[in-house]
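Counting convention: from 1, in listed order, for ligands and their atoms alike.
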Amino acid sequence: MGQTLTEKILSDHLVDGELETGEEIGIEIDQVLTQDTTGTLVWLQFEALDLDEVQTEIAAQYCDHQTYQFDFKNTDDHRFLRSAAGTFGAHFSRPGNGICHNVHKENFAAPGKTMLGSDSHTPTPGGLGELAIGAGGLDVAVAMGGGPYYIEMPEIVNVRLEGELPEWSTAKDVALEMLRRLTVKGGVGKIFEYTGPGVENLTVPERTTITNLGTELGATTSIFPTDEETKDYLERQGRGDEYVDIGPDEDAEYDDEIVVDMSEIEPLIAEPSMPDKVVPVREAAGTSVDQVIIGSCTNGGYEDILPTAKMLEGREIDKKTEMIVAPGSKQASEILARQGWTAELMAAGVNFSEATCGACIGIGHVPASDSVSVRTFNRNFEGRSGIEDDSVFLSSPEVAAAAALKGEIVDPRDLADELGDLEAPGVELPDKYDGSKADLIAPDEAVDDGLVKGPNIGDVPLKDELDSELKGPNLLHMEDNITTDHIIPATQDILMYRSNVPKLSEFTLSRVDDTFAQRALDSDGGFLVAGENYGQGSSREHAALCPMYLGIEGVFAQSFARIHKANLFNFGLIPLTIDAETYEQLEQGDDLEILDDVAAGVRGGEEEFTVSVNDGEWEFTANLDASEREREILADGGKLSHTKKQAKGGDSGATPADD
Ligand code: MIC
Ligand code: SF4
């Protein structure tokens with residue numbers, strides 16, 4: 001039987017287990033990526049594991065999320081990251097050089113390689129045939145030290161692309177169509193492999209928009225085969241020698257198939273406040289727009305800004321609307337500037353920003369109260385833009401530029417009819433991506449000779465071994481799709497404490513209930529209860545680490561998002577699933593007690609635990625779905641304690657790199 005592309009890359013990198021759906025596998029990682037808001041913990045844990053040198057082919061540290069450095073704490077983080085990259089052997093990308101996914105795509109992403117990154121949009125280079133997966137920082141630290149990465153073998157879904165995109169429809173609309181059909185939970189436990197005759201009609205930057213947004217489906221990753229387009233892109237980036245011809249066998253068998261006829265895709269838009277609330281743009285037309293932003297790791301490339309510039313050339317944006325262009329990388333800014341497009345954008349009324357994540361997580365360009373913002377980003381979770389009750393729409397650059405011109409949401413096809421001389425810009429790549437590399441510092445160019453830690457950079461707290469008895473109140477009863485932005489928001493006031501866990505913990509779940517952190521501290525232990533897809537969104541391990549610091553013992557949820565569930569194991573919090581009936585019956589404040597010996601049950605492979613509510617008023621069953629490895633990690637109080645314990649105990653092969 002033939003193999004899928006995913007199976008080919010996984011078999012080349014397999015170090016543990018078999019490629020059977022649902023089985024745990026360990027794979028070797030070739031490249032790792034980390035960024036400024038998850039990176040400090042990555043390196044602090046790398047240090048705590050007594051690792052002294054990066055072992056992967058490429059490790060890259062980007063400074064991209066908080067580049068404005070509002071507070072010395074941000075700048076201290078960047079200085080620490082530069083010193084860590086230099087000390088341990090990673091590439092360092094300066095603040096302002098661009099968003100990790102964009103800069104990595106431009107400089108390092110390569111077909112057939114595996115990558116792990118401490119950011120949920122790590123799958124972006126899947127558009128070049130790299131198998132790239134997002135993970136918590138501790139998993140990334142271990143992979144960087146040469147240890148395998150473990151996942152449950154996902155289902156592999158064939159997304160067969162047919163036809164060609166009509167004028168004004170874009171790769172973003174293909175991704176939004178996937179979200180419309182499958183929802184933000186539709187990809188959990190799955191890898192989407194794109195195949196079919198439509199693939200060759202998409203350039204690499206269009207493919208990476210699709211793989212980037214695959215994260216919003218909850219997918220493990222998304223990947224495209226390579227072809228002339230991939231080769232051409234790598235050549236334009238000056239890396240033609242890294243091209244590898246790679247794709248599925250003709251008789252490859254998939255777990256499922258989805259067909260997307262691109263010729264039927266029309267301009268789409270995600271309404272507030274979930275990326276899967278997708279409707280045709282015409283259904284939202286007429287909504288007055290206060291702010292438009294082009295940028296992010298989804299649509300912040302040269303190939304996204306150029307169409308915008310072409311649409312705005314010789315025109316002015318509507319007087320009541322503000323428009324910001326925040327390029328995904330300095331490479332994109334530099335080429336646009338040299339070609340004169342930056343001046344065209346400025347002349348049209350655009351505010352041209354440095355290359356940063358910024359507004360995507362509410363850092364800068366926070367919308368006015370009671371206003372509408374149309375953004376080319378990938379997430380519009382409530383409050384993420386920096387203001388509660390925000391109204392953020394997600395669209396392609398073409399739809400966003402049309403909204404800026406008209407001052408309201410409008411299908412660009414209708415705007416073209418109205419204006420008479422507005423042409424569909426299409427997609428164009430520069431002849432050569434000839435940006436400077438001045439902001440990328442290679443390991444052999446390191447400028448620091450030791451770790452430099454500012455006063456805000458603390459240690460990573462450790463947890464004790466799992467107790468036999470677990471009991472405490474249901475401290476917070478939450479709904480479906482609670483995101484990591486709810487658990488630990490990423491806005492400026494909070495983001496500067498990413499390296500200071502005690503302080504950061506004060507903000508835990510503040511977006512759901514701002515009394516939570518204090519109530520958790522006052523209670524001697526306790527649990528969280530949630531509906532479906534708990535922990536959706538970001539890879540930030542702080543969303544497990546901070547509840548752990550506050551004394552939370554575990555989470556009961558109807559289902560968990562993949563990365564967050566792994567982070568709960570990594571920090572010693574037991575993730576237990578419950579059915580819908582139990583979820584409905586439970587109430588905030590209920591006293592919960594797991595009746596079985598939890599530590600023994602976890603180590604012994606127990607899958608069901610009986611939980612008593614309010615001293616025996618009623619009981620329910622909660623399930624633990626965990627591999628043997630995850631059980632040991634959980635029982636030892638988390639991955640850091642587990643790995644240290646193994647190293648101390650001298651277990652055979654018990655080096656930090658083993659997990
Ligand atoms: C996000 O888009 O939510 C982030 C901010 O990039 C996060 C990482 C973080 O929380 O630092 C992600 O996607 O993992
Ligand atoms: Fe940055 Fe936004 Fe992309 Fe996250 S989703 S990496 S915050 S641009």
Side-chain angles (χ1 to χ4, degrees), residues 33-42 61-67 74 77 81 93 95 97-105 116-125 132-137 139-140 175 184 208-209 211-216 218 275 293-301 304 324 326-329 332 353-365 375-381 383-386 392 394 483-492 494-499 504 507 511 535-546 561-564 566-567:
L33 155 168
T34 177
Q35 37 90 333
D36 50 356
T37 53
T38 53
T40 50
L41 282 193
V42 170
Q61 170 64 58
Y62 300 94
C63 292
D64 49 358
H65 283 63
Q66 177 30 313
T67 61
N74 307 125
D77 278 353
L81 294 173
S93 175
N97 192 37
I99 304 172
C100 52
H101 312 299
N102 299 56
V103 183
H104 201 87
K105 169 172 83 179
L116 201 69
S118 64
D119 191 281
S120 65
H121 292 101
T122 298
T124 309
I133 302 176
D139 286 326
V140 170
V184 290
T208 56
T209 292
T211 47
N212 176 286
L213 262 163
T215 296
E216 261 38 74
I293 311 186
I294 311 282
S296 89
C297 56
T298 314
N299 281 123
D304 303 297
I324 298 107
S329 70
S353 147
E354 65 184 88
T356 183
C357 295
C360 183
I361 39 170
I363 296 176
H365 306 297
R375 301 172 166 205
T376 65
F377 303 173
N378 46 33
R379 288 185 174 151
N380 58 349
F381 304 146
R384 182 173 159 102
S385 68
V392 176
L394 306 174
T483 70
T484 48
D485 278 307
H486 288 104
I487 309 173
I488 291 291
T491 43
Q492 159 56 17
I494 302 176
L495 198 72
M496 62 182 161
Y497 299 113
R498 285 284 180 101
S499 316
L504 188 67
F507 300 94
R511 205 165 266 162
Q536 178 201 345
S538 149
S539 66
R540 67 190 72 137
E541 58 194 337
H542 310 77
L545 178 53
C546 291
R562 178 187 67 86
I563 304 179
H564 187 61
N567 285 336

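Every atom of ligand 1 is numbered from 1 in the order shown, and the set under 4.0 Å from a heavy atom of Thr37 is 9 (C), 11 (O). Each of the atoms 9 (C), 10 (O), 11 (O) of ligand 1 lies under 4.0 Å from some heavy atom of Arg498. Residue-ligand proximity, Ser538 to ligand 1, at heavy-atom distances under 4.0 Å covers atoms 3 (O), 7 (C), 8 (C), 9 (C), 10 (O), 12 (C), 13 (O), 14 (O). Close contacts between ligand 2 and His101 involve ligand atoms 6 (S) [criterion: under 4.0 Å to a heavy atom]. In the vicinity of Ser539, heavy-atom distances shorter than 4.0 Å reach the ligand 1 atoms 12 (C), 14 (O). Interface atoms of ligand 1 facing Ile361, defined by a heavy-atom separation under 4.0 Å, are 5 (C). Near His65, meaning under 4.0 Å from one of its heavy atoms, ligand 1 places the atoms 4 (C), 5 (C), 6 (O). Within ligand 2, the atoms closer than 4.0 Å to a non-hydrogen atom of Asn378 are 5 (S), numbered from 1 in the order shown. In summary, the atoms of ligand 2 found under 4.0 Å from a heavy atom of Ser296, numbered by their order in the structure, are 8 (S). Heavy-atom contacts of Thr38 reach the following atoms of ligand 1: 9 (C), 11 (O) (cutoff under 4.0 Å).
Here the shortest heavy-atom pairing between Ser118 and Gln35 reads O-NE2, 3.7 Å. The two residues Ser539 and Asn567 make their nearest non-hydrogen contact at O-ND2, 3.1 Å. Nearest heavy-atom pair, Pro489 versus Ile494, reported as atom, atom and distance to 0.1 Å: O-CG2, 3.4 Å.
Counting heavy atoms closer than 4.0 Å to ligand 1, residue Asp119 contributes atoms from both its backbone and its side chain. Residue contacts with ligand 2, taken as heavy atom pairs separated by less than 4.0 Å, do not involve Gln35 at all. For Asp119, every heavy-atom contact with ligand 2 shorter than 4.0 Å involves the side chain, none the backbone. At a heavy-atom distance under 4.0 Å, no atom of Glu216 approaches ligand 2. Contacts between Arg379 and ligand 2 below 4.0 angstrom, taking non-hydrogen atoms only, are absent altogether.
With Ser385 contributing its side chain and Gly362 its backbone, the two residues share no donor-acceptor pair below 3.5 Å. Using modelled atom types, no side-chain atom of Glu541 and backbone atom of Gly136 make a donor-acceptor pair closer than 3.5 Å. A donor-acceptor contact shorter than 3.5 Å links the side chain of Arg540 to the backbone of Ile488. With hydrogens and angles disregarded, no donor-acceptor distance shorter than 3.5 Å links the side chain of Asn299 to the backbone of Asp304. Judged purely by atom type and a 3.5 angstrom limit, Thr484 has no side-chain atom pairing as donor or acceptor with the backbone of Ile487.
When only interatomic distances are considered, the shortest N/O to N/O separation between Ser120 and ligand 1 falls below 3.5 Å. Considering both main-chain and side-chain atoms, Ser118 never comes within under 3.5 Å of ligand 1 through any nitrogen or oxygen pair. The N/O atoms of Arg384, backbone and side chain alike, include one that comes under 3.5 Å of an N/O atom in ligand 1.
The protein heavy-atom contact nearest to atom 1 (Fe) of ligand 2 is Cys357 SG, 2.3 Å. In terms of protein heavy-atom proximity, atom 10 (O) of ligand 1 is closest to Arg540 NE, 2.5 Å. Regarding atom 2 (Fe) of ligand 2, its nearest protein heavy-atom neighbour is Cys360 SG, 2.3 Å. Closest to atom 1 (C) of ligand 1 among all protein heavy atoms lies Arg379 NH1, 3.2 Å. In terms of protein heavy-atom proximity, atom 4 (Fe) of ligand 2 is nearest to His65 NE2, 3.8 Å.
Using cut-offs of 30° and 60° on the angle between ring planes, the pair Tyr497 and Phe507 is parallel.
Of the listed residues (Thr215, Leu394, Ile361), just one forms a side chain to side chain contact (heavy atoms under 4.5 Å, CB included) with Arg379, and that residue is Thr215.
Atom 3 (Fe) of ligand 2 has an N, O or S atom of Cys297 inside 2.8 Å of it. Among the atoms of His121, none of the N, O or S atoms falls under 2.8 Å from atom 2 (Fe) of ligand 2.
Side-chain contact between Asp36 and Pro95: absent, with no pair of heavy atoms (C-beta onward) separated by less than 4.5 Å.
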Practice problem: Starting from the C-alpha separation in whole Å, work towards a yes-or-no answer on side chain to side chain contact (heavy atoms under 4.5 Å, CB included) for Ser329 and Lys105. | Solution: CA-CA 10 Å; Ser329 70; Lys105 169 172 83 179; over 6 Å; no
Practice problem: Could you walk me through whether Thr40 and Leu81 pass side chain to side chain contact (heavy atoms under 4.5 Å, CB included), step by step? | Solution: CA-CA 6 Å; Thr40 50; Leu81 294 173; 3.9 Å; yes
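Thr208 and Thr124 are not linked by any side-chain donor-acceptor pair at a separation below 3.5 angstrom, with hydrogens and angles left out of the test. No hydrogens or angles considered: a donor-acceptor pair under 3.5 Å links the side chains of Asn212 and Thr298.
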